[in-house]
Student: 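Quick one: structure below, then a few questions.
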Amino acid sequence: MAFETIIVEVEDYVAVIRLNRPEALNALNDKLLTELATAITAAQANDKVRVLVLTGSDKAFAAGADIKMMREKSFTDVYLEDLFTPETDQITRGRKPIIAAVAGYALGGGCELAMMCDFIIAADTAKFGQPEINLGVMAGLGGTQRLTRFVGKSKAMDMNLTGRFMDAEEAERAGLVSRVVPAKDLMKETMAAAHKIAEKSMITTMAIKESVNRAYETTLHEGLLFERRVFHALFATEDQKEGMSAFLEKRTPQFRDR
Ligand code: DAK
């Protein structure tokens with residue numbers, strides 16, 4: 001598939017999707033989000049893909065939604081268009097894991113896009129922020145919701161109200177990113193994580209993704225119940241027998257997604 005604003009490569013069961021609007025620091029516009037949603041949906045449906053990686057450039061993962069595109073829009077425009085909603089619904093709907101590999105700026109919609117992924121690996125150059133307040137608006141794709149769940153109320157308020165940027169070290173301390181790596185190693189480390197996940201049983205991978213995400217949608221009691229039932233269900237798979245047998249026989253498991 002030919003895209004203009006993203007680059008997609010599939011290799012060794014990992015789809016790498018790179019945002020590619022360097023002239024605007026990968027700012028998100030209709031075209032980019034439509035292409036991204038299309039690419040992610042295709043990767044989710046592709047048997048040759050087990051894990052997705054979303055990344056940007058050394059300078060910017062994405063510097064937010066495209067301000068030029070938004071400047072002249074009215075309430076009626078954004079409300080009736082439901083700008084970005086169908087695309088982001090599509091991006092977050094998939095069952096295979098998506099890792100965000102973030103270097104440089106991840107601001108506004110860029111930070112929110114990274115948070116739509118299952119986890120974030122940050123280069124030591126990464127800078128996260130919700131600076132929409134400086135534009136006379138506020139976050140609209142999760143910056144007051146997902147960010148609050150990740151880093152807590154105090155820091156989410158701080159980020160959204162002051163518009164300040166958080167560096168990678170602070171982001172790791174706050175629980176926004178899973179790890180920080182030197183910028184030159186970002187893709188090597190991210191691909192190593194992706195390949196490690198790609199080796200597992202995809203049934204288990206999907207079950208884990210579903211179960212962790214459930215923690216954000218329900219009470220602890222209901223979440224624990226859900227986790228237990230999914231755990232029980234995995235004993236119906238061949239991969240459970242294979243994984244446990246391989247451990248006891250001191251060999252590498254051969255998962256078959258069955
Ligand atoms: N949009 C459009 N162009 C952008 C951009 C953006 N968000 N960010 C950067 N650019 C462009 C700059 O205009 C510049 O273009 P030229 O002047 O060269 O033509 C080029 O990228 C390089 O940027 P700078 O010259 O500014 O580069 P610096 O290194 O000096 O500064 C920076 C980098 C990232 C600190 C700075 O560019 C910056 O502050 N950018 C804006 C960051 C920002 O405010 N982000 C939040 C955008 S608002 C919605 C839900 C959510 C949203 C929208 C709708 N709905 C549900 C409907 C989200 C909103 C946002 O994200």
Side-chain angles (χ1 to χ4, degrees), residues 3-7 17-38 40 54-93 98 100-117 120 122-151 155-171 176-177 183 186 216:
F3 296 113
E4 285 173 30
T5 59
I6 59 173
I7 298 167
I17 303 175
R18 187 177 289 278
L19 307 181
N20 187 36
R21 286 191 74 211
E23 71 285 1
L25 301 185
N26 294 333
L28 314 173
N29 60 12
D30 289 329
K31 179 156 198 89
L32 186 146
L33 269 187
T34 303
E35 291 192 345
L36 183 59
T38 304
I40 287 180
L54 180 58
T55 193
S57 67
D58 291 348
K59 179 155 185 194
F61 176 76
D66 192 312
I67 300 166
K68 276 183 207 143
M69 178 198 71
M70 291 186 293
R71 179 169 59 174
E72 300 302 332
K73 285 192 187 291
S74 65
F75 165 80
T76 317
D77 294 332
V78 290
Y79 184 75
L80 288 181
E81 285 168 12
D82 206 7
L83 186 67
F84 297 156
T85 303
E87 296 85 357
T88 49
D89 281 355
Q90 219 174 316
I91 289 166
T92 51
R93 196 180 300 139
I98 309 186
V102 175
Y105 297 109
L107 305 176
C111 184
E112 293 168 311
L113 180 61
M115 290 191 289
M116 287 174 212
C117 298
I120 302 173
D124 51 12
T125 56
K127 287 185 178 54
F128 299 88
Q130 298 294 158
E132 291 92 334
I133 193 165
N134 298 328
L135 304 170
V137 289
M138 60 178 272
L141 289 173
T144 68
Q145 300 301 305
R146 288 197 180 92
L147 186 66
T148 306
R149 283 166 160 81
F150 292 152
V151 307
K155 209 176 272 284
M157 282 286 190
D158 179 2
M159 303 302 296
N160 276 283
L161 290 174
T162 67
R164 77 174 176 87
F165 300 166
M166 194 195 295
D167 66 19
E169 203 183 300
E170 183 182 359
L176 176 58
V177 311
L186 177 64
Y216 285 96

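Every number for a ligand or one of its atoms is a count from 1 in the order of the listing.
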Student: Please name the residue in the list Ile98, Ile40, Thr92, Leu54 that meets the side chain to side chain contact (heavy atoms under 4.5 Å, CB included) test with Met116.
Tutor: Thr92
Student: Is any side-chain N of the basic residue among Glu35 and Arg21 closer than 4.0 Å to the acidic one's carboxylate O?
Tutor: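 Not counted as a salt bridge, because no side-chain N and carboxylate O are separated by less than 4.0 Å.
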Student: Extract all N/O-N/O pairs under 3.5 Å that connect ligand 1 to the protein, and present each with both atom names and the distance rounded to 0.1 Å.
Tutor:
unit_1	atom_1	unit_2	atom_2	d
ligand 1	1 (N)	Ile67	N	2.9
ligand 1	7 (N)	Ala63	O	3.1
ligand 1	7 (N)	Ala65	O	3.0
ligand 1	29 (O)	Lys59	NZ	2.7
ligand 1	45 (N)	Ala63	O	2.9
ligand 1	61 (O)	Ala65	N	2.7
ligand 1	61 (O)	Gly109	N	2.8

Student: Count the heavy atoms of every other residue, nucleotide or ligand shown that sit under 6.0 Å from CD of Gln145, and state whether that count exceeds 12.
Tutor: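 No, not enclosed.
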Student: So do the side chains of Val177 and Val102 get within less than 4.5 Å of each other, counting heavy atoms only?
Tutor: no
Student: For atom CG of Asp58, is the number of surrounding heavy atoms from other residues, nucleotides or ligands below 6.0 Å larger than 12?
Tutor: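 Result for CG/Asp58: open.
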Student: Is the shortest side-chain heavy-atom distance between Leu28 and Glu112 below 4.5 Å?
Tutor: no
